[in-house]
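Right, one structure below, let's go through it.
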Amino acid sequence: MNAPSTLPADFLRSSIWAANLGADTLARVESEVLERSVPGGGVVCRKGSPVDYWVGVIEGLVKISSVSAEGKSVTFTGVRAGGWFGEGSVLRTTAWGYDAVALRDCRVALMPRATFHWLLETSIEFNRFLLEQLNERLSLFIGMLESDRLLEPEARVARCLASLFNPHLYPGGGRDLQISQEEIGYLSGVSRQRVNQALHVLGQAGLLRVAYGGVTVLDLPALGAFGS
DNA sequence: TCATTAAATTGTT
DNA sequence: AACAATTTAATGA
């Protein structure tokens, strides 16, 4: 069922930002990027700790969230295989402004801060990619401001899933995603029971197909616009 | 390959 | 939150 595990080098080459890099540039990046495994429930990076790397998800699913002083948790987004996060932190700050937690066993690629900045200074294509990625995330968060307060659980689940199929953030992801209803609950801030109901509503609407341990998106545009 | 068992996930209250 | 039903994964014959 699962694809054979991706080698770090293959993962880097399949990232869109790497598509137009020269061979020697790519070789240097490959030699400097590290790989690390994070068990399910483990912390990829913790709020307040130094930002030493830009992080790519090779395999698994990572939740980006923040916990308030009273212990209330807010999830910003999920990052699935193929996605990179932390560019804002690497660019502007020295400490992470949020937590990144592995929802299941993960393998992540770590690009050292220095490598990131070197790419930033040498590659126009890399800059173009960052501009697009930051823009995609901005519109994602703007949409969340609306959906978080105004929309019912069905729409929140719909948008949460749609965001995981964003072709700019997760290239080559296909239409299928292995994700449990519990994981969707963590990402969308909806109880698992409500996720279960919502998935059936969305399935009835023909927007997606639910399967054991995963979903298949049938109509991505409609999914992202559900409820508005 | 098949049957049995444990674990994970889903569906319902 | 708790429970039963279903699906998958693992194990050994």
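A quick note: this is a predicted structure, and the numbers were derived from the prediction, not measured. Each chain gets a letter, A, B and so on, in the order its sequence line appears, and its residues count up from 1.
A ring-ring contact (aromatic ring centres under 6.0 Å, His included) with A/W84 is found for exactly one of A/F129, A/F11, A/F116, A/Y170, namely A/F11.
Separating the CG atom of A/D105 from the C1' atom of C/dA9 is a distance of 15 Å, rounded to the nearest angstrom. Put simply, CZ on A/R192 is 10 Å from P on B/dT9, counting in whole angstrom units. The nearest whole Å value for the distance from the CD atom in A/E182 to the C1' atom in B/dT10 is 11 Å. Rounded to whole Å, atom P of C/dT8 lies 14 Å from atom CD of A/Q181. When the C1' atom of B/dT10 is taken as reference, atom CD1 of A/I179 falls 15 Å away, rounded to whole Å. Between the CD atom of A/Q178 and the C1' atom of C/dT8 there is a distance of 11 Å, rounded to whole Å. In this structure, A/R194 atom CZ and B/dT10 atom P are separated by 17 Å, rounded to whole Å.
The cationic group of A/R80 lies under 6.0 Å from the six-membered ring centre of A/F165 and within 45° of the ring axis, placing it in a cation-pi geometry.
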If you look only at distance, which donor and acceptor atoms sit under 3.5 Å apart when one is on a side chain in residues 25-34 of chain A and the other is two or more places apart or in another chain?
{"residue": "A/R28", "atom": "NE", "partner": "A/E32", "partner atom": "OE2", "Å": "3.2"}
{"residue": "A/E30", "atom": "OE2", "partner": "A/R13", "partner atom": "NH1", "Å": "2.8"}
{"residue": "A/S31", "atom": "OG", "partner": "A/R28", "partner atom": "O", "Å": "2.7"}
{"residue": "A/E32", "atom": "OE1", "partner": "A/T115", "partner atom": "OG1", "Å": "2.6"}

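In this structure, A/Q197 does not reach the B/dT12 phosphate: none of its side-chain N or O atoms is under 4.0 Å from OP1 or OP2. Under 4.0 angstrom from either OP1 or OP2 of B/dG11 there lies at least one side-chain N or O belonging to A/N196.
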Would you please test A/R46 and A/V43 for side chain to side chain contact (heavy atoms under 4.5 Å, CB included) and show each step? CA-CA 7 Å; A/R46 189 182 299 282; A/V43 175; 3.6 Å; yes
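Not counting sequence neighbours, the partners of A/R194 by the salt bridge (Lys or Arg N to Asp or Glu O under 4.0 Å) test are A/E154.
Listed in residue order, the members of residues 209-219 of chain A having a heavy atom less than 4.0 Å from DNA chain B are A/Y212, A/G213.
Note: A/L169 CG to A/E132 CD = 9.0 Å, rounded to the nearest 0.5 Å.
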